[in-house]
Amino acid sequence: MGDKRAVFLHSPEIERYHYPPDCPFKTERAGITRKILSGMGLLAGAGRSEVAPQAAPRAVLETFHTARYLDTMVAATQGHLDIEGFGMGFGQPECPVFREMYAYASLACGATLQGAALAAAGETEVAFNPSGGYHHAGPESASGFCYINDVGLACRVLAEQGKRVLFLDVDVHHGDGVQAFFYDRCDVMTMSFHESGETLFPGTGFENEIGTGAGRGYSVNVPLPVGTYDEAYLRAFDAVAVPLAGAFDPDVIVLEVGMDGLAGDPLAFLSLTNNAHAEVARRVLEFGKPIVATGGGGYHPENTARGWALVWSVLTGEESQDEMALGLGGVMLESTDWQAGLRDREFTPRSMQREIVDAAIDETLEKIRANVFAIHGL
């Protein structure tokens with residue numbers, strides 16, 4: 001495969017910021033990821049570099065979020081949260097207010113935007129911001145641990161430069177904030193593989209959510225049943241993402257790699273190993289487009305960081321076929337005592353689980369083909 005020109009967006013500064021201690025969202029995951037990669041020598045070598053991010057300017061943030069929302073966010077960090085701010089989501093259980101909230105969110109967003117700029121300029125083939133992936137935030141709403149929608153902003157900036165953008169979201173939660181922003185546009189295709197909204201926050205992302213007006217057919221949702229395992233996940237990915245990405249033919253791919261679909265994650269109910277995420281990364285590479293990758297969800301910090309390190313190794317061409325063949329690691333049964341590399345142990349589902357999951361995915365694929373494929377000549 002060969003090495004890829006790749007940029008890892010991280011700095012000691014971003015490691016200074018943390019959500020409140022009792023919040024499930026741990027910013028420390030990015031630093032753990034960097035430590036793993038550095039220890040394995042995967043940040044060095046030809047074509048690879050680390051870039052310290054700069055905070056996104058207020059003027060850029062206002063191209064996605066309203067000025068009123070951003071003003072309310074800043075005021076909340078200074079101890080001034082009124083009923084209007086509470087209605088915007090600040091101070092809710094999944095969006096706690098903390099002093100560094102605006103500073104962290106704007107810096108994490110800036111990292112994703114820098115990755116997008118480098119990719120658009122042809123200066124890198126892969127940019128990865130493990131501190132990004134805040135796909136739930138809306139123009140005037142904080143939601144699901146997300147305050148500033150970095151991936152939505154990156155897609156908008158790239159589209160404004162005349163790029164056709166595929167936003168491919170494999171976080172376990174539906175990327176509702178990004179979908180809503182581009183729902184009537186055809187220059188950005190949003191494609192989300194997530195646990196069904198029938199069983200998981202935010203309760204959206206069904207097969208009939210396909211966009212409107214010029215955007216009809218450019219919002220693609222693949223809701224997955226509880227217990228979805230690697231083979232079934234990749235079957236759905238190959239059936240939907242591969243042909244639609246080929247038909248859309250994007251200029252750049254913004255890839256959100258949440259790791260909360262891993263078995264044992266405390267906030268979701270899929271049965272994936274990180275082998276599935278590695279194979280998604282491999283398939284995305286085969287599209288032959290610049291990739292701006294981000295983190296996302298993942299509420300077991302160590303397993304999340306190891307998964308991101310694995311994805312980076314695939315995206316940069318570092319993981320060999322021999323290493324893939326080992327196919328072993330340690331997330332299953334919430335065990336982290338396996339020391340044989342970044343990959344998880346393979347998981348074989350029980351026959352009943354396989355039957356239930358496969359039947360549900362077959363039904364979903366049939367709906368997507370009926371709702372979307374013909375629009376793209378498939």
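By convention here, the first residue in the shown sequence is residue 1.
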* Indicate yes or no for a side-chain donor-acceptor contact from Lys289 to the backbone of Glu286 under 3.5 Å, with no hydrogens or angles considered. => no
* May I ask you to check whether His18 and Glu28 show a side-chain donor-acceptor distance below 3.5 Å? => yes
* Looking just at side-chain N and O atoms, do His135 and Asp176 make a donor-acceptor pair shorter than 3.5 Å? -> no
* **Donor on one side chain, acceptor on other, Arg156 and Thr63, under 3.5 Å** => yes
* **Quiz item: cation-pi between Arg29 and Phe25, 6.0 Å / 45°** => yes
* Asked: Looking just at side-chain N and O atoms, do His174 and Glu195 make a donor-acceptor pair shorter than 3.5 Å?
  -> no
* Asked: Does one side chain, of Glu100 or Thr77, offer a donor that lies under 3.5 Å from an acceptor on the other?
  -> no
* Indicate the ring-plane relationship of Tyr19 and Tyr104, choosing parallel, tilted or perpendicular according to the 30° and 60° boundaries. => perpendicular
* **Test item: side-chain donor near acceptor, Gln179 and Glu209, under 3.5 Å** => yes
* Asked: Between the side chains of Thr112 and Asn129, is a donor N or O closer than 3.5 angstrom to an acceptor N or O?
  -> yes
* Do the side chains of Leu255 and Leu166 join up, straight or via other hydrophobic residues, at under 4.5 Å, putting them in one cluster? -> yes
* Does a salt bridge link Arg5 with Glu123, judged by any charged N lying under 4.0 Å from a carboxylate O? -> no
